S.K.: 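Quick one: the structure is below, questions incoming.
Note: hydrogens, waters and symmetry copies are ignored here, and every other heavy atom, side chains too, is used. By convention in this document, chain letters (A, B, ...) are assigned in the order of the sequence lines, proteins followed by strands, and residues within each chain are numbered from 1. None of the values given here were measured: they were computed from a predicted structure.
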Protein chains: 2
Amino acid sequence: MEDIAREAGVSRAPVSLVMRESPKVSPERRRAVLESAAALGYSPNRLASRLASRRTRTFGVLLLDLHNPVFADVYDGIAEGVAGTGNQLMVAVGSADPAAETEAIRSFVDLRADAVLLAGYTGTPEQLAAVLRGTPAVVITREVPVDGVDCVLSDDLRGGELAVEHLHELGHRRIAHLDKPEWLPYPSRRQGYLNAMRRFGLEPILLEGDMSERGGFRAMNEYLDAGAPVPSAIVAYNDVTALGVLDSLVSRGLRVPDDVSVIGYDNTELAASPLLGLTSVDLHAREIGKIAAGVALERLAGATGPRIIRRLKPTLVRRRTTAAPSGN
Amino acid sequence: MEDIAREAGVSRAPVSLVMRESPKVSPERRRAVLESAAALGYSPNRLASRLASRRTRTFGVLLLDLHNPVFADVYDGIAEGVAGTGNQLMVAVGSADPAAETEAIRSFVDLRADAVLLAGYTGTPEQLAAVLRGTPAVVITREVPVDGVDCVLSDDLRGGELAVEHLHELGHRRIAHLDKPEWLPYPSRRQGYLNAMRRFGLEPILLEGDMSERGGFRAMNEYLDAGAPVPSAIVAYNDVTALGVLDSLVSRGLRVPDDVSVIGYDNTELAASPLLGLTSVDLHAREIGKIAAGVALERLAGATGPRIIRRLKPTLVRRRTTAAPSGN
DNA sequence: TTGAAAGCGCTAACAT
DNA sequence: ATGTTAGCGCTTTCAA
């Protein structure tokens, strides 16, 4: 920067101003500075600039899993939300390992991200509070009771109910639910399922499997292999596992929805594909991401006050994998 | 840091060493330092540390599109490749807009990433060279002729041929190809298709559509609406567009593979899903990512020499969407 | 508007 | 093994 100043015949201050596109520099000087910067192959060092200015204008975004398309939607929403605000996004991928997630968040904090957006945090509230050290954070799709941490999520309890209500209305009575209880810090969908089942006086059937297509496939296979009577409908934790369930059913010669109905969750593009036509509970991922970005922006703009909890209402998108039970 | 030093009764140097987990500090001092750091709620500033040390131990990873699962695979490969090397990943999402991509790369460079890994760069070589300013870079899935830029990719020319050869062997003669020529800086797959078609003395049929499920869906719909004779087989640019093609065919009442065969490209988990069973050309995305990380690591370890070009052989994974043509 | 000076919070020689 | 001293490359007062 000093070289540029010398080359352009000015001191260092105007160079700094030109780089930040400040209007307080006369046009001719600005041109001179820009020219010698180009001539010298100057590349600004944002580490230094951020260190000195104590502002990074950057949000850290943690995405749980790139293989689940719902996070692409959440990301799009966040990107839409920060567009035009002059803020940047740096993203890290968590892989559902609390230690890795904590490390990623720590990295954001140490890099002095202005705020942190967590889409799919699986650790404990205590860990989160410890690693955040006061950095503004908004947790997406989960409610984490930590002071100063805002949450934007879908009403998963209601979503679970919605799925059961839809199936019950179609005439289903043997309705199973698939998720991964001991791992998941997101029990609300199952709870909603259980609530609705009890309300209808139905017996819950709980299956367990990893939260992936493969996990859904295996869990369903194991259940069928065990010789248990086939449920007439299955509520899967999300679209990806629902796809695995479909894989399993179809590979066993069971027809969907003729023999078994299947509901997913997230309403990803996967579910929306005309070929699959997966009935799914829409948690409005993109909108959630956008709102989360908005909340972070508000905090940066100085909004104080208690934790913000925004809980959107999920909606059921009915497609071709659910229908009235045939036999029974 | 000075506060910690005072609190622990030492000077600043050992504090810095403790933070970097250096072994040159006596255990009792280390403990004292750690204690007062915790007591004071110390959070190291990595901006300052990176600025002072002039090393960031961070790779910038640019991902073209989160909605295409192939990039999740590439990312996994990169993550696997850098695991245990003490390097971190910072990722940015490109959205297939050269301006946005350039901005993301500039950001990596300005933040002094040690290297940059570009999965799906769509800009020109000149732009890339200009923004890189000497930062080591490896471009993934594309060959970009820029000095000092390494490339790890699949032999797309061969991949295009592979698809046609497979279909030809099954007995297909009216084989169409779908991609987006004017936008895509990746013409090799189409070229491979064209080469093989010419070799077999067949007439090429070129369809155009956006590189997304929706794009494939629309392109196929338009083609069918135009009343052109239905091809007996379709080679799609990638799995995502292939899914769109399937959507279109099935919604028109055409059966796959009985009436039309379809081949995708990338062999993503989407294609591998038993439900879809999409025949696809595997470009070994995860391995490519891993190799790319390895190349970057080599460069950082001081490997000089000319540009490295690693071109993997694609393989065809045959599933249920391709079969011998029935009627003709 | 521009110039000079004092940091931002850390690392890296070096000397002890 | 520990303390001291100079920076890393920028921004930001403050004066001029």
S.K.: Tell me whether the side-chain N/O atoms of R54(B) come closer than 4.0 Å to OP1 or OP2 in dA12(C).
M.R.: no
S.K.: CD of E21(A): more than 12 outside heavy atoms within 6.0 angstrom?
M.R.: no
S.K.: Test: salt bridge (Lys or Arg N to Asp or Glu O under 4.0 Å). Region: residues 95-105 of chain B. Which pairs qualify, not counting sequence neighbours?
M.R.: R46(A)-E103(B), E103(B)-R106(B)
S.K.: Nearest whole angstrom, please: distance from the P of dC10(D) to the CE of M19(A).
M.R.: 9 Å
S.K.: Looking at every heavy atom in both L89(B) and A79(B), which two are closest together, and how far apart are they?
M.R.: CD2-CA, 3.9 Å
S.K.: Give the rounded distance in Å between these two atoms: CG of N45(A) and C1' of dT11(D).
M.R.: 13 Å
S.K.: To check you understand the geometry: which heavy-atom pair defines the closest contact between D73(B) and A285(B), and what is its length?
M.R.: CB-CB, 3.8 Å
S.K.: Any side-chain N or O of S16(B) under 4.0 Å from OP1/OP2 of dT11(C)?
M.R.: yes
S.K.: Do R307(A) and D150(A) sit within salt-bridge range, that is, some charged N less than 4.0 Å from a carboxylate O?
M.R.: no
S.K.: Using heavy atoms to find the nearest nucleotide of DNA chain C for A13(B) and A48(B) separately, return the residue whose nucleotide is more 5′.
M.R.: A48(B)
S.K.: Rounding to a whole Å, what distance do you find between R112(B):CZ and dG9(D):P?
M.R.: 8 Å
S.K.: Between C1' on dC8(D) and CD on E2(A), what's the gap in Å once rounded to a whole number?
M.R.: 13 Å
S.K.: How is R29(B) classified with respect to the nucleic acid when contacts are heavy atoms under 4.0 Å: base, sugar-phosphate, or nothing?
M.R.: sugar-phosphate
S.K.: Could you pull out the closest heavy-atom pair between F108(A) and L62(A), with the gap in Å?
M.R.: CE1-N, 4.1 Å
S.K.: Just N and O in the side chain of S53(B): are any of them under 4.0 Å from OP1 or OP2 of dT11(C)?
M.R.: no
S.K.: Before accepting this row, confirm whether a basic side-chain N of the pair R310(A)/E298(A) lies closer than 4.0 Å to the acidic partner's carboxylate O.
M.R.: yes
S.K.: Separation of R133(A) atom CZ from dG9(C) atom C1', in whole Å?
M.R.: 15 Å
S.K.: Can a salt bridge be assigned to the pair D114(A) and R55(A) using a cut-off of 4.0 Å between side-chain N and carboxylate O?
M.R.: no
S.K.: Quickly work out the L40(B) CG to dG9(C) P distance and round it to whole Å.
M.R.: 14 Å
S.K.: Taking for each residue the nucleotide of DNA chain D bearing the nearest heavy atom, is the 5' side occupied by K24(B) or by L51(B)?
M.R.: K24(B)
S.K.: Can you tell me the distance, in whole Å, between the CZ atom of R50(B) and the P atom of dC10(D)?
M.R.: 17 Å
S.K.: If you assign L17(A) and S43(B) each to the DNA chain C nucleotide with the nearest heavy atom, which residue ends up on the more 5' nucleotide?
M.R.: L17(A)
S.K.: From the options dG3(C), dT2(D), dT12(D), select the nucleotide whose nearest atom is closest to the side chain of R55(A).
M.R.: dT12(D)
S.K.: Hey, does the side-chain of R12(B) have a donor or acceptor N/O within less than 3.5 Å of a partner on the base of dT5(D)?
M.R.: no
S.K.: Can you see if the side chain of S26(A) gets near the phosphate of dT2(C) - specifically, an N or O under 4.0 Å from OP1 or OP2?
M.R.: yes
S.K.: Kindly calculate the angle separating the two end axes of the helix from dT1(C)-dA16(D) to dT16(C)-dA1(D), each obtained from five base pairs, and round it to 10 degrees.
M.R.: 30°
S.K.: Would you classify R20(A) as touching base, sugar-phosphate or nothing, given that sugar-phosphate means primed atoms plus P, OP1 and OP2, and contacts are heavy atoms under 4.0 Å?
M.R.: base
S.K.: Taking CE from M1(B) and C1' from dC10(C), how many angstroms apart are they, rounded to a whole number?
M.R.: 6 Å
